[in-house]
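Before any comments, here is the structure.
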Amino acid sequence: MPRSPSSPAFWRSPLRGPWFTSVLGVVLLVGITVLFVTGLLSYAAYNPNLSPVNDKTPDKGLLGFYLFSWPTDPPWLYRLTQGVHVTLGLALIPVLLAKLWSVVPKLFALPPARSLAHALERLSLLLLVGGALFEFVTGVLNIQLDYIFPGSFYTLHFYGAWVFIAAFVTHAVLRVPTALRNLRHVRRPSPPPGEAGRLPGEGEPARPEDESVSPDPLPPTVSRRGALAFVGGGSLLLAATSAGRSFDGPLRETALLTPHGGAEPGSGPAGFQINKTAASRGITATETSDEAWRLVVTGKGRTVRLSRTELRRLPLHSSALPIACVEGWSTSDQWWRGVRLRDLAGLVGYEEDAAPDVLVESLQRHGAFRMAALRDNQVRDPRSLLALFVNGEALTPDHGYPARVIVPAAPGVLNTKWVARMTFGDL
Ligand SMILES: Nc1nc2c(c(=O)[nH]1)N[C@H]1C(S)=C(S)[C@@H](COP(=O)(O)O)O[C@H]1N2
Ligand SMILES: [Mo]
């Protein structure tokens, strides 16, 4: 066996070939397109134009061209888009790895460039492969709550996505026609005599320009279809062991691969996921006590201070709403009860239909997500609450006692807990 991986004969798997690569490529074409769209939606859902509070990616410039006010309907919107983004991203990992494996001989092929066009193509492949690995690795680390990279996950994942998608579109434009031809090529109605029983793509001519086909293949130990089934099985296993975190009850227990958050929520009215506990954010019982805690509402030059007892005397309303985190997990609807955000805007003089944006700050002094800005459409929605109760009981410390924000369709990060101050005004 030749020693050098730059020699085509070094690679001896009989599975590699245009058909195998094309099947995986078409799956990735569809899957990555969905990942890109749901990823951009997730960015829009953060209200990044309410700078600088929400935006973790400054200087987005033209890349923010598509941003729009994230709607409040349907209330499960972010649950769906982000659940799909994370679960599909995990499920595509085996497909991505198999695709890279299927073309790895090309990575080592020499000469490095046969022409200027070839050189440019290989450079774009570097961005494609590097970008794909970067996006999948940062994504997986983020859902594992493992923020080991320098800077912000959002910045890296956002800019990485644009670099990657530029290379991806280039690659797709160049290769999709060939991939589709490769797939059609093997769907011949009846194989010519002597080829009966051949597996798809088997015996396809090793075109000299296709470095992925081994010139000296080993005897197959598995068919190409079998190898694809193995990859697909891996995808299904990943999806099946992570999709559960978008549900409550016994289904959630099937989410073996995903962390269950900061604390085991247990059962009862507060028995749904807790990402960050009060203790982990430095929130003490002293500062949330009835004597100490006051909600400070400002706007239009006015300031109103309310104790929890005073808040409870305001008109209270109920909304059934989920919490859905960027990490892909979500809860089913919980029954929240509290004061409407637009009624709080009313306390400082805003008419119901003219409620503006609001900056919500928590008692938390350090760390990410201690404040968030909401858009006027979110403030005006009658289901948006400053919740005091959940499922019939006072909020527990971990769920944000004395008061937390809950907004329909919004990402979890906008549902600030341990709220201390709300500043109404155009942001
Ligand atoms: N004050 C404060 N509120 C916060 C957070 C936080 O870190 N601090 N995390 C947010 C995020 S990222 C999510 S997904 C939800 C999670 O709610 P839970 O921890 O109650 O499950 O709370 C949000 N509210
Ligand atoms: Mo979150």
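Remember, it's 1-based here, ligands and their atoms both numbered in the order they're listed.
- Protein heavy atom at the shortest distance from atom 7 (O) of ligand 1 is K276 CD, 3.1 Å.
- Shown in contact with H399 at under 4.0 Å from a heavy atom are these atoms of ligand 1, numbered in order with element: 20 (O).
- Residue Q364 has at least one nitrogen or oxygen atom sitting less than 3.5 Å from a nitrogen or oxygen atom of ligand 1, judged on distance alone.
- Some N or O of N415 is nearer than 3.5 Å to an N or O of ligand 1, by distance alone.
- Within the structure, ligand 1 has R404 among the residues with a heavy atom less than 4.0 angstrom away.
- If you look at F164 and F134, their ring centroids are not closer than 6.0 Å.
- A salt bridge links R175 with E121; the closest basic N to acidic carboxylate O contact falls under 4.0 Å.
- Every atom of ligand 1 with a heavy atom of W329 under 4.0 Å away is listed here by number and element: 14 (S), 16 (C), 21 (O).
- Looking at Q378, its side chain does come within 3.5 Å of a backbone N or O of R375 through a donor-acceptor pair.
- Interface of S362 with ligand 1, defined as ligand atoms under 4.0 Å from a residue heavy atom, comprises 1 (N).
- Remark: R16 qualifies as a cation-pi partner of W101 under the 6.0 Å distance and 45° angle criteria applied to the six-membered ring.
- Of the N or O atoms in C325, none lie within a sub-3.5 Å distance of an N or O in ligand 1.
- For the pair K300 and Y350, the cation-pi criterion (under 6.0 Å, within 45° of the ring axis) is fulfilled.
- With a 4.0 Å cut-off on non-hydrogen atoms, W418 touches ligand 1 through its side chain and not its backbone.
- Ligand 1 has a nitrogen or oxygen under 3.5 angstrom from a nitrogen or oxygen of Q273.
- Note: H157 and H85 have perpendicular aromatic rings, judged against thresholds of 30 and 60 degrees for the angle between ring planes.
- The cationic group of R380 does not satisfy the cation-pi geometry with F424, failing either the under 6.0 Å distance to the six-membered ring centre or the 45° limit from the ring axis.
- The protein non-hydrogen atom at the shortest distance from atom 20 (O) of ligand 1 is K417 NZ, 2.9 Å.
- Under a 4.0 Å criterion applied to the non-hydrogen atoms of G412, ligand 1 contributes the atoms 10 (C), 11 (C), 13 (C), 14 (S), 15 (C), 22 (O), 23 (C).
- Aromatic ring centres of W70 and Y43 lie farther apart than the 6.0 Å criterion allows.
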